[in-house]
Amino acid sequence: MASSASAAALLPLPLPSCSSSEDSDDGKHLPSPPALEANTSPAQQQKQKQKRRRQERDYNVAMKALALDGDVDEVVAVFAELKRTAGEGGDGGPPPNVLCYNTLANALAEAGREGEALKAFDEMLASGVAPNASSQNILIKMHARRLEFDLAWELIHKSGVEPDVGTYSTLIAGLCRAGKVVEAWGVLDWMLEKNCRPMVQTYTPIVQAYCRDGRIVEAKLLMAEMERLGCLPNVVTYNVLIRALCDGDRFDEVEQVLMESSTKDWKPSTVTYNIYMNGLCKKGRSTELKWYAGVVAYNTVMSSLCEMGKWRGIMKLLTDMIKKGIEPNTRTFNILVRSLCVGGKFSLAKSLIHSQGFAANVVTYNTLLHWFYYRGKLTEANRLISVMLENNVAPDEVTYTIIIVGLCREGKFDAATAYFLKSLTSGLSMDVLTVLLNRLVYADKIWEINRIFDGKDFVPDYHVFDLTIRTFCRAGYCHYRTFYKLNLILDTMLKRK
DNA sequence: GTAGGGTTAG
């Protein structure tokens with residue numbers, strides 16, 4: 001995979017502590033074209049460097065804000081702009097510094113665009129910018145998400161970048177998410193051996209792992225231990241605990257924990273209240289909005305009202321929040337779209353896409369598509385797909401799933417298969433394939449299945465074989481009279497290998 | 001100014 005190749009690419013480190021923004025006069029990246037260079041004094045050059053550094057910081061802050069907002073495309077655009085301004089002198093100019101590359105790569109990784117994140121790091125190395133501990137941590141995070149812990153270890157041991165608290169914390173978080181709490185404790189011991197002091201961020205994932213397993217007693221014990229060690233649990237740690245208490249219907253204890261917050265030296269945030277309220281909503285105990293409610297709280301309640309079919313109440317809340325000066329976001333909007341669909345107001349829901357001040361995203365289109373198919377409005381669905389593509393909104397796995405399910409239900413297996421083949425251009429999704437195969441096999445559409453594996457753009461691997469055989473067997477095709485159909489498909493698949 | 005733990009939409 002590309003990830004291991006890139007991990008290897010990070011191994012030989014050029015100059016471990018040197019970032020491009022530092023004043024290393026190695027002459028590798030002169031900021032200005034020669035002509036300008038000739039008649040600028042050292043003082044002026046210094047000034048230009050400072051200006052560039054400020055510019056990089058500003059761009060970096062902007063990228064971070066955009067990433068927080070979930071607008072990754074815009075992050076990519078800002079980064080490109082940063083590179084462009086460097087090249088205005090004519091000969092390319094200095095590359096962005098390591099922090100900017102980190103921000104870019106992290107935003108991409110967080111958005112699930114890991115291939116692009118790795119490409120960003122490759123580009124960084126190619127421009128002679130040395131990675132730092134944060135770059136390494138971002139890579140470790142990506143490895144951990146794919147459960148490639150061996151690669152994560154290899155990176156730590158061979159990169160030459162000294163692991164920091166963040167490195168260990170990232171690894172611990174990844175292990176905890178994968179349910180490997182014992183290994184996480186191992187890493188904690190290891191860092192203590194290396195005299196690296198843990199932080200709240202190091203312990204919190206372990207608290208969370210306990211909470212997820214319903215081991216609340218152990219979670220609380222660990223939090224007590226943190227206090228003893230002088231590493232006080234903070235609002236995030238308590239949020240984890242409160243969520244677990246909500247899931248367990250232990251709302252009295254939530255109140256208790258909140259009451260004690262002032263003496264325990266932490267302050268509940270809007271996130272805390274959002275978790276609490278979400279817990280109450282899920283148990284059907286509250287739709288009352290308190291004074292501290294922000295946009296997320298409104299979204300939660302509106303969404304819960306939508307589940308209950310009270311879509312008129314949603315409109316009331318929308319006007320309510322606008323009156324209070326709380327700005328609705330894309331999610332608010334999507335909840336509104338969904339509630340309008342639930343209420344059968346399709347044309348109104350559709351018209352919202354073109355309304356000003358709202359950028360429809362892939363979720364918006366998915367919501368509408370789902371309902372169009374659900375109500376058998378195939379022409380509308382087709383038209384919407386065109387609009388979506390015209391507006392440069394890329395379909396995701398959910399989109400393809402909705403389309404495929406919708407078409408199959410109408411008996412349009414051929415079209416559904418065509419969409420699956422189209423989805424391959426953005427990579428194979430096993431989820432999408434599972435959905436399609438299920439429908440085709442149960443409908444006995446052997447010809448279409450053959451078509452999936454007959455194309456030149458799809459070479460089945462072990463998982464695909466496994467899935468196919470299982471699906472056929474579950475549908476009863478492993479009977480001797482029908483087995484030849486599965487054989488036919490397997491033949492086609494083997495031809496491709 | 002980058003990384004590492006927590007909330008809401010299909």
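Convention: sequence-line order gives letters A, B, ...; per-chain numbering from 1. Note that the coordinates shown come from a computational prediction; the quantities given were computed from them, not determined experimentally.
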_With sequence neighbours excluded, residues passing salt bridge (Lys or Arg N to Asp or Glu O under 4.0 Å) with A/E227_ = A/K264
Using atom [atom1] of [X] as one end and atom [atom2] of [N] as the other, report the distance to the nearest whole Å.
X      : N     : atom1 : atom2 : value
A/N132 : B/dG1 : CG    : C1'   : 12 Å
A/Y273 : B/dG6 : OH    : P     : 21 Å
A/Y203 : B/dG6 : OH    : P     : 18 Å
A/I172 : B/dA3 : CD1   : P     : 19 Å
A/M302 : B/dT8 : CE    : P     : 16 Å
A/E110 : B/dT7 : CD    : P     : 13 Å
A/R145 : B/dA3 : CZ    : P     : 12 Å
A/W371 : B/dA9 : CH2   : P     : 16 Å

With a 4.0 Å limit, can you tell me whether [X] has a side-chain N or O closer than that to the phosphate oxygens OP1/OP2 of [N]?
X      : N     : answer
A/N106 : B/dA3 : yes
A/K141 : B/dA3 : no
A/Q208 : B/dG6 : yes

*Any chance the rings of A/F79 and A/Y59 have centres within less than 6.0 Å?*
no
Select base, sugar-phosphate, or nothing to describe what [X] touches, counting heavy atoms under 4.0 Å on all strands.
X      : answer
A/N329 : nothing
A/V165 : base
A/D396 : base
A/E397 : nothing
A/V235 : base
A/M199 : base
A/T167 : nothing

Ignoring hydrogens and angles, are the base of [N] and the side chain of [X] linked by a donor-acceptor pair under 3.5 Å?
X      : N     : result
A/N274 : B/dG6 : no
A/N361 : B/dA9 : yes
A/S269 : B/dG6 : yes
A/S134 : B/dT2 : yes

Check every atom of [options] against the side chain of [X] and return the nucleotide holding the closest atom.
X      : options             : value
A/C100 : B/dA9, B/dG4, B/dG1 : B/dG1
A/Q201 : B/dT7, B/dT2, B/dG5 : B/dG5
A/P205 : B/dT8, B/dG5, B/dA3 : B/dG5
A/N234 : B/dT2, B/dG5, B/dG1 : B/dG5
A/N102 : B/dA9, B/dA3, B/dT2 : B/dT2
A/L99  : B/dA9, B/dT2, B/dG5 : B/dT2
A/V236 : B/dT8, B/dA9, B/dG5 : B/dG5
A/T300 : B/dA3, B/dG1, B/dT8 : B/dT8
A/N334 : B/dG1, B/dT7, B/dA9 : B/dA9
A/R331 : B/dT7, B/dA9, B/dG1 : B/dA9

Any donor-acceptor pair under 3.5 Å linking the side-chain atoms of [Y] with those of [X]?
X      : Y      : value
A/S134 : A/N137 : no
A/N299 : A/N329 : yes
A/N334 : A/N361 : yes

*Angle class for the A/F358/A/F333 ring planes (parallel below 30°, perpendicular above 60°, tilted otherwise)?*
parallel
_Below 30° counts as parallel, above 60° as perpendicular, anything between as tilted: where do the rings of A/Y238 and A/W266 land?_
parallel
